[in-house]
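Everything on this sheet refers to the single structure shown next.
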Amino acid sequence: MAVSFLTHELSELCLGKPPLKSISTSATVIDAIEVLRSSNESFVSVWNCDNSEFGRCECVGKICMVDVIVFLCKEENLLCPSSALKTPISHVLPKVHGLVVHLEHSSSLLEAIDLILQGAQNLVVPILQTKRGGTLRRKQQQKSSTINSHNGAEFCWLTQEDVIRFLLSSIGHFTPLPARSIDALDIISSDVLAIDYYSPASSAVEAISKSLAQQMSVAIVDSDGTFVGDLMAYIDCGGPPEDLVRLVKTRLKEKNLEKLLQEFTILTSSAGDVSASSSSDEESPARSLTRSGKYARSPSYSARYVRKAEAIVCHPKSSLIAVMIQAIAHRVNYLWVIEDDCSLVGIVTFSNILKVFREHLETI
């Protein structure tokens, strides 16, 4: 039953998904900033298109605001920020092959899982166009815009989260696997990116860059190995504290980096708008770790799918299904694994989870 379940076509997972927001490989860094600010998505797709009549369009990668910030933090770009902002966005794309892969809508779920296990983070799937009135009307409405259409075709993302969500909707096919603990399934990875709580912020740039490529995060730990928090969750939570913003602006003024100061002001203002728009969201009952090591209820940042600033954690004895539900509820693709004393055990990712399901199929 589970094997036949995984032969479902990807078009079933793409129902209702919006067409991708995109930019060209020739667009500049400042163009990408503008698109990201105006988008409801954390990432924007980057496309290389041959605009001839029968030309091919290919998604060659994806960019998020953190990619842009890491790029601007490079020493040579700090020396000349105005030139850095005019750099083609293709120079910012991660130099990791296979992060984005094209698939046909008729491809199977099993094919998608295999590609993810090989390192794909996002699968690009064409949106089916039918003769039904709703679809045709949407095509007509989008005709004047080039941001979603690629030589007349529209595409959507299929992410690891989409696949996990689909498996969770029919988890009974895989009994008794979901009830086993993540410790017993041996899917806790101890190979994590981590920085010391008292390290200078500049030392985290390289780790942040690696975390984006690996679709993971960076753990913040004390000198004794106690887990303090999730660096990427802090970055995504809606913006840094006001005192930190003021400090950065002062330093930029001292270095006469007016152009970078202007862009930094725009970015921090945008982050503040996101945080404010999210303040009235309902509180989430799920567990999250604060600086003191205690679990607290925190606002759920629904705007732009932004995560909470607190790290999302689980215990080695947590069941597989509990971890899946917790990750989906918080819109993250990993959970930190800690002991009762808050010592860091490791991390469990969607990729780890999909590997377990794939291996389970081979035993059926």
Side-chain angles (χ1 to χ4, degrees), residues 1-15 103 107-123 125 158-192 214-217 219 227 230 284-289 295 300 307-308 311-364:
M1 179 67 73
V3 176
S4 61
F5 169 75
L6 291 178
T7 61
H8 281 274
E9 293 187 357
L10 296 185
S11 57
E12 299 179 48
L13 279 71
C14 295
L15 292 174
L103 276 178
S107 300
S108 70
L109 180 59
L110 196 58
E111 290 178 72
I113 292 176
D114 285 340
L115 282 171
I116 290 172
L117 294 179
Q118 292 169 22
Q121 293 182 4
N122 290 71
L123 305 176
V125 183
L158 189 65
T159 65
Q160 294 182 12
E161 179 185 335
D162 294 321
V163 177
I164 292 292
R165 190 183 296 274
F166 192 73
L167 292 174
L168 189 59
S169 68
S170 300
I171 199 70
H173 291 301
F174 300 93
T175 301
L177 181 68
R180 298 186 63 190
S181 72
I182 56 174
D183 187 25
L185 292 171
D186 194 26
I187 60 173
I188 304 172
S189 174
S190 59
D191 184 17
V192 300
Q214 299 174 15
Q215 207 164 12
M216 293 173 59
S217 188
F227 182 69
D230 181 339
S284 170
R287 303 197 306 172
S288 54
L289 186 70
Y295 293 97
S300 171
R307 303 195 300 266
K308 294 191 293 298
I312 310 304
V313 301
C314 64
H315 190 272
K317 298 304 179 184
S318 298
S319 67
L320 177 62
I321 189 171
V323 169
M324 291 171 69
I325 292 172
Q326 193 175 355
I328 291 294
H330 289 275
R331 303 302 303 269
V332 294
N333 55 10
Y334 59 85
L335 264 69
W336 296 106
V337 186
I338 63 172
E339 293 287 3
D340 293 334
D341 62 357
C342 291
S343 59
L344 180 62
V345 177
I347 192 172
V348 57
T349 66
F350 278 167
S351 183
N352 299 142
I353 294 172
L354 289 174
K355 185 178 180 181
V356 166
F357 280 98
R358 189 66 177 89
E359 291 174 347
H360 179 72
L361 292 175
E362 296 176 358
T363 65
I364 299 177

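Hydrogens, waters and symmetry mates play no part in the numbers below; they use all other heavy atoms, side chains included. Numbering starts at 1 and runs along the sequence shown.
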So [Y] and [X], do their side chains get closer than 4.5 Å, heavy atoms only?
X	Y	result
L117	F357	no
I312	D230	no
F166	D162	no
V323	I353	yes
I171	M324	yes
D191	I347	no
L167	L354	yes
Q326	V332	no

Compare every heavy atom of [Y] with every heavy atom of [X], then report the nearest pair and how far apart it is.
X	Y	value
G346	I188	CA-CG2, 4.0 Å
I182	C314	CD1-SG, 3.8 Å
Q160	A120	NE2-O, 3.7 Å
L10	L103	CD1-CD1, 3.5 Å

What is the distance from atom [atom1] of [X] to atom [atom2] of [Y], rounded to the nearest 0.5 Å?
X	Y	atom1	atom2	value
H173	H360	NE2	NE2	11.5 Å
D186	R180	CG	CZ	10.0 Å
K317	D340	NZ	CG	11.5 Å
Y334	Q214	OH	CD	12.5 Å
I325	S319	CD1	OG	7.5 Å
H330	L335	NE2	CG	8.0 Å

Q.
Between L185 and L177, does the side-chain contact (heavy atoms from CB on, under 4.5 Å) criterion hold? Intermediate values first, please.
A. CA-CA 9 Å; L185 292 171; L177 181 68; 3.6 Å; yes
Notebook entry, point to check: Should the pair F227 and W336 be assigned to parallel (<30°), tilted (30 to 60°) or perpendicular (>60°) ring geometry?
Noted result: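 Judged by the thresholds at 30° and 60°, the geometry between F227 and W336 is tilted.
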TODO: Write out all pairs satisfying side-chain hydrogen bond (donor to acceptor under 3.5 Å, both in side chains) with one or both partners inside residues 343-355, taking only residues at least two apart or from two chains.
DONE: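 As it turns out, the side-chain hydrogen bond (donor to acceptor under 3.5 Å, both in side chains) pairs with a partner in residues 343-355, which skip direct neighbours, are D341-S343, T349-N352.
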